Amino acid sequence: MAGPGIRAWELCGVLAREHEVALAAPGPLPAAGPPGVRLVEATRRSLRAEALHHDVAVVQGSALDAFEVFAAGDSPLVLDLYDPYVLESAGMYAGLPAAARAARAADDAALLRAQLAAGDAFLCASGRQRRFWLGALAAAGRVNPSTLAGDPGLEALLRVVPFGLPEEPAAPGAAPAIPGLRAGARLVVWAGGIWNWLDPETLIRAAAALAPEAPELQVLFLGGGHPSPGVPAMERADRARRLAASLGLLGTTVLFREGWTPYAERASILTRAAVGVSLHEAHVEAEFAFRTRVLDYLWAGVPCLLSSGEATADLCVAEGFGLTAAPGDQAAVTEGLRRLLTDPELHATCRAAALRTADRFTWPVVAAPLLDLCREPRRAGDLPRDRAAGRESRTRRRGVIKRAWESGRSEGPGVLAKRARGYLRRRLR
């Protein structure tokens, strides 16, 4: 599972301790879900059947079909916006032609506008994100006398539910079979995918600089390719491999694990790591991101080296579980790695801080605001109590956006953007 799947899986497991829970996701699905959770293969038909007997629906990210089905119902609709997909879109689809990229961006903006207009409550992952989404909700007209009545801080409308961690400690399992990984290596791990807005090259250049003095150093990239066929291959990942090859490090000092590391196997690798790394470019995506894999480093007690300017990097500075460097600062990344690999006292201090911080992010702890919402579900005060009158227009939304997307591919992004804006003005007032 990638981050969104992990989050849905674990939050459902917590909710199932008090509620009857179904988790709907695209197939194929595993044989069993978390204890007490019923798995549903998500199709429009199965989602409509689920909508008939649920009391609360939580819909994540850009799941258009699920949003449309549950937005047309009468029960409270919670939108999980922990991953601001509109800020990732340009990087995600960087390999497409310009017109297609503009069409994707307009499509994402149209869906987000619809979500902000229809949600009874919203989830985000950090204080930074909360400020971002408050601005978006205000622009959408959702900060108004009805939503502020009895909730002047909008704590019920917009709740912070960070990514979380298992309650049980990370335990090493059988050593994974990774070609080129040496026994006894000083392992530096990049635990997530290599997305186009991240910066693996700076880590690879730092490894090249350190290799002569630290021959035991190995850098391992775990996310070789996204498990979803709908996510395009990342050009940044290819660039990273080419750079490692050009420096003579590929397969020796720098390793790329093929495929996607299964969720259940991550502890067997993380518990062997000396340093966990997450680096990004200076980009608006980073300002509002919440790096989920950094939490896995904390769970395994792995000291971190992170790019500054992002929420988990702020946490790193505050709690002392690692070091930070400005985006693109190769000298600082090289020195940070050197210190974490050669200073036993610093490493031990960071490890203790990581484990201590991890206790604050277990799934039952971070899920508390969502649990509170599900114990007393209610509709937002500024939305109609019965959505039935608006169902026809909501049912038509997907067709309109799809036609706009198709026309944008042939007529240009300007036509698409104009049509999407006009549709939203008419339908989402």
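This one's a predicted model, so the numbers in the text were calculated from it and none came from an experiment.
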[X] and [Y] ion-paired at < 4.0 Å:
X: D372; Y: R375; value: yes
X: E258; Y: R241; value: yes
X: R338; Y: D343; value: no
X: E285; Y: R128; value: no
X: E235; Y: R239; value: yes
X: E201; Y: R242; value: no

Minimum side-chain heavy-atom gap R272-P172 below 4.5 Å
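Contact flag for R272/P172 side chains = yes.
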Would you call P364 and R17 a side-chain contact if the rule is heavy atoms closer than 4.5 Å?
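Answer yes - side chains close enough.
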Looking at residues at least two apart in the chain, or sitting in another chain, which of them share a salt bridge (Lys or Arg N to Asp or Glu O under 4.0 Å) with R131?
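If we apply the salt bridge (Lys or Arg N to Asp or Glu O under 4.0 Å) test to R131, skipping adjacent residues, there are no hits.
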The criterion is salt bridge (Lys or Arg N to Asp or Glu O under 4.0 Å); which residues satisfy it with E376, sequence neighbours excluded?
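For E376, the residues satisfying salt bridge (Lys or Arg N to Asp or Glu O under 4.0 Å) (neighbours in sequence not counted) are R378.
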NZ or CZ of R293 within 45° of Y297 ring axis and under 6.0 Å
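Pair R293/Y297 does not count as cation-pi.
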Taking the inter-plane angle between the rings of F70 and H54 on a 0 to 90° scale, is it parallel (under 30°), tilted (30 to 60°) or perpendicular (over 60°)?
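Rings of F70 and H54: perpendicular, as their planes differ by over 60°.
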Could you give the distance from OG1 (T253) to CD (E216), rounded to the nearest 0.5 Å?
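Reported to 0.5 Å precision, the distance equals 10.0 Å.
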